[in-house]
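In what follows, every heavy atom counts, from backbone to side chain, and hydrogens, waters and symmetry copies are set aside. Predicted, not measured: the structure shown is a model, and the values here were computed from it.
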Amino acid sequence: MAENDKTRRDFLAQAAALALTAPDPRFRLGGDRTDLPGDGGSDEITANTIAEAEKIHGLTYTAEQRVKMLEPIKSQLASVKAVRATPRPLDLQPAITFDPRLPGVAYPAQPNRLVLSTLAPATLPSREEDIAFATVRHQAHWIRTRQITSRRLTEIYLRRIKRLAPGLFCYITVTEDLALKQADAADRALGAGKYRGPLHGIPYGIKDLFDTAGVLTTWGAAPYKDRVPDRDAALVTMLHNAGAVLLGKQATGALANGATWFGGTCRNPWNPEEPAGGSSTGPGSATAAALCSFSIGTDSLCSILNPADRCGVVGLRATFGRIPTAGVMPLTPSLDRIGPLTRSVEDAAIVLAAINGADPTSATSIDMGFSYDAGLDLRKLKVGYSKKWFEQVGFGPGASVPASPAHHAALKALGDLGVQLVEVELPPAPRAALINNLYVEAAAVFEELTLSGRDELLPDAWPTSWRQIRLMSAVDYLQAERLRRQAMNDMHNIFTKVDALFGPTYGTFDLVLTTNFTGHPGLSLRAGLSSSPTRGLSPVALTPAGEPHTITQNVAFHGRLFEEGKILALGRALEAKLDVMSHRPPTG
């Protein structure tokens, strides 16, 4: 398979030495079976069947033990088949739920408080492009002071979407009529003295995993391309109540994997020859190209941080459980997270304040306030970093490149802000093995596709990993969950010494993966620009001698559970210090 067709998770799996092996194409779970070599075509479970299965699980039983296991295994298989035959909705939550909070550890309550920095004076630009690329803060000021209407701002974006989105494949569905209706409603409300806050009349796009009543919600996947829900996701309702205007549903890799959906591969506006990252690929691309004021993505394995890094925008992955997931495509119940992608750090704080809240329908929702203060004294904060994180950037061996001068300059700039920099190291552990638990959860949710063979309608990455992971034992799965608990303890110990961690977004595979499974928040922001020939989904150039293109270089903060306010304050100050966000991609 060509590298530009691989998904980001393929690279992660390779880096973790977890390469996937496709099963014999003649065998499909729940489908027809052609005789396999040496089995005589029989479905009977014998001692030899057990002996062969031992190889998959790294076990060795004696001949006597295998004979004793025969009848219990047949009974076990009958139980498995009975469970499979029981109807279960995709969003049925497991009885075992994940909570990022450690037992016996206090997580202080915080008020809902948003203290923004002083807004520099700015009159409405005359050029539509300048209006489109402006921050949410400036757009909100122009709307509130009646310098622009929500209708006009929405029309600017709709025109840009018609011109640029088809070449970027970043929108799956554009809701033009709905957007204009909501924009007009926002203008009428403002005229009547009803201002809903900084998102009033602000147009946004949302990853096509969120249900929207009466509007296609396809999950980017051919088996669901005609799916139309009858109600809005909780987050869509929250943004509507905040006065935001929905421009449309943005591209996601099929079932939130990679950059390719059933209509094409979402492109990076900095270089449309390469993908925009996965799997919140449309939000990253559309935000970078100013085809919305902000966007909303989801994250199961760095799927917000990755497209933010690739497209040079801000991506905020909130603490697990902070933002309601009701009405979002279920995928990995213990990993699914939500967050904004924006063109400035403080815009991300504004959006998070609007979508933070408990969800009484979710077993994993946590009721925690969100407090952000731009005036936080950074000199009192300790930020951990490792020199190793500033060596190689990427997904591991064979899928990484040297850290850029922009990454090192960002570290120096952070120190110049008066932050106390502290060297830290992650304790050694086989954390890459945790990826298997992601596959287990996704395979369980979408089991029907595997058993029916409809998984063949998807790009190869999901079907292969789902088939493979069914051969992992439940015991080994729970052992990996115990490893996950150890990772939570390790991160807690580090965060007793520092307030945040800092490095290139992909300065170490271990750090981004670990914080993914521990539920800690992360913030990626642009540190500068560089150049590279066209890349696939990894940062490695497909043809090293190819024509160079301008690319973005991002860094990331990882914070304590529920302390997004601190990493946002750090990010805002660093963003102002570096002053590199004004550079625009050449597309449009």
Side-chain angles (χ1 to χ4, degrees), residues 122 124-143 147-184 186-187 199 201-208 215 239 244-252 259 261 263-273 275-277 280-297 307-308 310-314 340-344 347 351 526 550 552 581-588:
L124 182 72
S126 58
R127 298 174 64 234
E128 287 192 352
E129 179 181 332
D130 296 334
I131 296 172
F133 272 99
T135 65
V136 168
R137 286 207 67 192
H138 280 109
Q139 291 175 351
H141 170 71
W142 297 328
I143 286 176
Q147 296 184 57
I148 193 172
T149 63
S150 176
R151 170 100 186 190
R152 185 188 171 204
L153 182 58
T154 300
E155 288 175 338
I156 288 173
Y157 281 123
L158 289 172
R159 283 193 289 271
R160 291 182 61 82
I161 289 169
K162 287 179 181 178
R163 180 164 59 90
L164 298 174
L168 294 174
F169 295 91
C170 59
Y171 272 87
I172 295 178
T173 301
V174 179
T175 54
E176 180 173 0
D177 292 342
L178 175 63
L180 293 174
K181 179 181 177 181
Q182 291 182 344
D184 288 341
D187 289 334
L199 296 186
I202 301 295
Y204 76 100
I206 196 166
K207 188 176 181 180
D208 199 23
V215 177
L239 287 173
V245 172
L246 178 62
L247 292 167
K249 313 298 288 295
Q250 294 167 334
T252 173
W261 54 287
T265 298
C266 185
R267 300 296 176 178
N268 185 350
W270 290 90
N271 175 10
E273 294 300 313
S280 298
T281 184
S285 176
T287 303
L291 304 185
C292 56
S293 298
F294 70 92
S295 58
I296 300 292
R310 174 56 65 102
C311 297
V313 296
V314 174
L341 291 98
T342 62
R343 287 185 294 275
S344 82
D347 284 357
V351 177
R526 191 189 303 174
T550 297
T552 55
M581 287 303 293
S582 61
H583 298 281
R584 300 174 185 174
T587 304

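Partners of E155 by side chain to side chain contact (heavy atoms under 4.5 Å, CB included), not counting sequence neighbours, listed by chain and number: R151, R159, L180. P166 pairs by the side chain to side chain contact (heavy atoms under 4.5 Å, CB included) definition with nothing, not counting sequence neighbours. Partners of A132 according to the side chain to side chain contact (heavy atoms under 4.5 Å, CB included) rule, which considers only residues two or more places apart in sequence or in another chain, are I156, Y157, R160, A290. In this structure, the ring-ring contact (aromatic ring centres under 6.0 Å, His included) partners of Y204, at least two apart in sequence or on a different chain, are F294. With sequence neighbours excluded, the residues that form a side chain to side chain contact (heavy atoms under 4.5 Å, CB included) with A186 are S150, H200. Residues satisfying the side-chain hydrogen bond (donor to acceptor under 3.5 Å, both in side chains) test with S344, not counting sequence neighbours, are D347. Taking the side-chain hydrogen bond (donor to acceptor under 3.5 Å, both in side chains) definition, one finds that T149 meets it with nothing, sequence neighbours left out. Shown here are the side-chain hydrogen bond (donor to acceptor under 3.5 Å, both in side chains) partners of D208, two or more places apart in sequence or in another chain: T218, K249. Residues satisfying the side-chain hydrogen bond (donor to acceptor under 3.5 Å, both in side chains) criterion with S295, sequence neighbours excluded, are T287.
Looking at S280, its side chain never comes within 3.5 Å of a backbone N or O of G297 through a donor-acceptor pair. A donor-acceptor contact shorter than 3.5 Å is absent between the side chain of W142 and the backbone of P125. The backbone N or O of L246 sits less than 3.5 Å from a side-chain atom of T175, completing a donor-acceptor pair. Listed for the R310 side chain is a donor-acceptor partner under 3.5 Å among the backbone atoms of P275.
Heavy atoms only, all atoms of each residue included: P307 and G284 are closest at CB-CA, 4.3 Å. A pairwise comparison of heavy atoms in T154 and A183 identifies OG1-CB, 3.5 Å as the closest pair. Nearest heavy-atom pair across A289 and L164 is O-CD1, 4.5 Å. W270 and A288 get closest at one heavy-atom pair: NE1-CB, 4.5 Å. Heavy-atom minimum distance, E273 versus R267: O-NH1, 3.3 Å. Of all the heavy atoms in A286 and Y171, the pair that sits closest is CB-CE1, 4.0 Å.
The OG1 atom of T342 lies 12.5 Å from the CZ atom of R137; values are rounded to the nearest 0.5 Å. Taking OG1 of T252 as the reference point, atom CD1 of I172 lies at 7.0 Å (rounded to 0.5 Å). One distance of note links CG of L168 with OG1 of T265; it measures 12.0 Å at 0.5 Å rounding. Here OG1 of T281 is found 8.5 Å from CG of N268. Values are rounded to the nearest 0.5 Å. Atom CD1 of residue I161 and atom CG of residue L247 lie 4.5 Å apart, to the nearest 0.5 angstrom. In this structure, CD1 on I143 lies 9.5 Å from CG on L199, to the nearest 0.5 angstrom.
P269 pairs in a side-chain contact (heavy atoms from CB on, under 4.5 Å) with only one of the listed residues (P586, P585, C170), which is P585. Checking each of H138, Q139, R343 against S293 for a side-chain hydrogen bond (donor to acceptor under 3.5 Å, both in side chains) leaves exactly one that passes, namely Q139.
Sorted by first and then second residue, the salt bridge (charged side-chain N to carboxylate O under 4.0 Å, His left out) pairs with a member in residues 169-181 read K162-E176; sequence neighbours excluded.
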Given side-chain contact (heavy atoms from CB on, under 4.5 Å), test I131 with R152 step by step and report yes or no. CA-CA 10 Å; I131 296 172; R152 185 188 171 204; 4.0 Å; yes
With side-chain contact (heavy atoms from CB on, under 4.5 Å) as the criterion, how do L153 and V245 come out once you've worked through the C-alpha distance, each side chain's angles and the decisive distance to 0.1 Å? CA-CA 10 Å; L153 182 58; V245 172; over 6 Å; no
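Side-chain atoms of D130 and R584, non-hydrogen and from C-beta on, do get closer than 4.5 Å to each other.
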